Each structure stands twice: as C-alpha cells, then as structure tokens.
Amino acid sequence: MLIDTHCHLNDAKAFPDVAASLAQALSARVDRVIVVGTDAEDSKRALELADRYEGVYAIIGWHPNYTAKYTPEGLKEIEEMISHPKAVAIGEIGLDFRWHYATREQQDRALFDQLDLAASTGKPVVFHCREAYPALLEILEDRPILPYLFHCFAGDQSEAARCVDMDCYFGVDGPITYKKSVQLREIFRALPRERIVVETDSPYMSPEPFRGKPNSPANVALVNAALAATLGITAEECAALTTGNAERFFRISG
Ligand SMILES: [Zn+2]
C-alpha cells in the first residue's frame, strides 16, 4: 500500500468529487493521502476532509506565495488547527523566489512564526522551496533541528547533502518519471533510502504518461514505480520503504 504524502484534494475546483478521487486512489493501492493547506482557509478545508475520510490526514500552514495576506490572526488559526489529532505537520511553509506574490519580508515573517510554532508544538515541518535553497538552508542550519521534509525536492547535489546533514526527508514527485530528469534521479539514488517519501502534489506535477494533464493521488503509484527503477528495487519493495518512511515522519501508524 502507498501513501500520497502531498496533494491538494482540498482544491474544490480540481477535485469536485473527493470520494471518487479517493476510490480511484484505493484501486491503485493508495490507501492514505495527506492533504496540504496553503493558507488558513485552505488548511481548514484540508482538516474537514481529514475529519470526513478515514485515510486522509492534513498538513496545516501558510505557503510562502500566500503570505501577503498573512497576519497574527492567521497564525492563531494555524495554532488552533494544529492540535487536531489528524493534523500531522505544519506546512507547506518556506520560501519561493520564483514567483513574486509576496515580498521576502512577508515570506520571512510567516516562515519564522511557523518555525517557532513547530518548535513549541514538536510538529514535523513540510517545506515548499522554489529557487530559494541557499536562503532557506541558511535559516534552518541556524536553528534547532526539527523533523523536516522538503516536498518536491529540487535542490542540487550539495544542497541535498546539507539537508541530509539535518536528517531531512525528501519528497519525490512526477518529474522523476520525465526522461530529462537525469540529475534528479542521480540525486535520489545517492540519498539515504530511509529518508525518501513519494507524493503527487496533485493536481500539479503529473507523472508520465499523464504529463500536462491534471494529476490525482492514484498517480503516486507511477512515482513509486519510477523511484523503484531509479533505486534498482521492485515496486513492492519501494512501496514498503516509502510507506514506512512516511509513517515514521508523519507519526501515523500502519
Ligand atoms: Zn503543494
């Protein structure tokens, strides 16, 4: 069985029928999905899905691209939601220098507040990092180490090594199935295996052969198969490995 450790099933436009998406996932042997919030409203909807469906968990937080709207009240809402038993991590938080929806100051404020919240609650943290690895790693290396996961890891070899030094986990998505992702596969081949989890980031990041089409949690099976080929193990071995890793990081039992 597989866990999609990062998807946006709370995006009602992309997923008008959540029950159908979960049924489709289950038929691809994906029995658990972790739904990620990008602001307080979106996190609330992730938690509502976790309340409604057994195999659904939620990640609660402010995505860097939404931090122009972030306020102390916005932090308070996250703080209240994070005590829910199915709120498994704070995220997706971090820095994004690719898009300019929020200033560096706005991104920093939300990031530091939420890192402090993670430190005080002991919750694992899921990062979104886009063209910002040097800045984010510098911040994290200056702070006490927490359980960290880099969702959709896209750093280079030396940034991966710095993450390994902090005992981070690494999320792998659709791009591992792309022909051109030679360097990405090399990076994942060199990582400690017990630190890799699979995710879809659906509705984005569709793996082959669905590239360019909307993604869904069922497709995490294709990501797992491509990772298995990369690591030179069977898909079954890879499923056992990545599911065990996800259960350990998110503290959910099998
Ligand atoms: Zn995401």
Side-chain angles (χ1 to χ4, degrees), residues 2-15 18 21-22 25 30 32-50 56-70 74 78 81-82 86-99 101-102 107 110-111 114-115 118 123-133 136 147-155 163 168-177 184 196-207 210-211 213-220 222-223 242 246 249-250:
L2 288 160
I3 302 177
D4 180 359
T5 60
H6 192 117
C7 67
H8 296 276
L9 269 186
N10 46 349
D11 178 339
K13 243 192 219 152
F15 297 105
V18 170
S21 299
L22 290 172
V30 182
R32 283 168 287 172
V33 306
I34 307 187
V35 179
V36 187
T38 52
D39 63 14
E41 256 321 290
D42 199 46
S43 297
K44 203 171 134 199
R45 171 133 171 91
L47 215 44
E48 282 167 10
L49 295 181
V56 175
Y57 298 84
I59 297 173
I60 305 297
W62 284 80
H63 185 296
N65 287 348
Y66 295 84
T67 53
K69 290 185 299 175
Y70 172 82
I78 300 301
M81 284 186 267
I82 202 65
K86 291 183 92 179
V88 290
I90 294 174
E92 55 185 300
I93 71 172
L95 296 173
D96 190 318
F97 297 164
R98 171 75 178 84
W99 307 105
Y101 297 119
Q107 294 190 39
L111 173 62
Q114 293 180 98
L115 284 173
K123 284 283 179 181
V125 184
V126 174
F127 290 110
H128 167 101
C129 187
R130 192 87 191 266
E131 297 181 13
Y133 282 90
L136 184 54
Y148 293 141
L149 190 162
F150 279 84
H151 133 67
C152 197
F153 183 78
C163 292
C168 295
Y169 283 67
F170 298 79
V172 62
D173 312 58
I176 193 128
T177 67
L184 184 70
I196 305 174
V197 300
V198 287
E199 51 182 54
T200 59
D201 202 18
S202 51
Y204 317 105
M205 296 275 178
S206 287
F210 302 115
R211 201 171 173 184
K213 298 191 182 123
N215 200 4
S216 74
N219 290 340
V220 84
L222 298 170
V223 175
T242 57
F249 180 81
F250 291 105

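These numbers come from the heavy atoms of this one structure, side chains and all, not from hydrogens, waters or symmetry mates. Read the numbers this way: they start at 1 and go in the same order the structure lists the ligands and their atoms. All values reported here derive from a predicted model rather than from experimental measurement.
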From OH (Y70) to CH2 (W62), nearest 0.5 Å: 8.5 Å
Name of the E92 atom (N/O/S only) found closest to the Zn ion (ligand 1): OE2
From CZ (F127) to CG (L149), nearest 0.5 Å: 9.5 Å
Side-chain (E92) to main-chain (V36) donor-acceptor, under 3.5 angstrom: no
Ring pair (Phe, Tyr, Trp, His ring centres under 6.0 Å) assessment of F150 paired with F170: CA-CA 5 Å; F150 279 84; F170 298 79; 7.0 Å; no
H6 atom (N/O/S) at minimal separation from the Zn ion (ligand 1): NE2
The Zn ion (ligand 1) - closest N/O/S atom in H8: NE2
Atom name in D201, limited to N/O/S, at shortest distance from the Zn ion (ligand 1): OD1
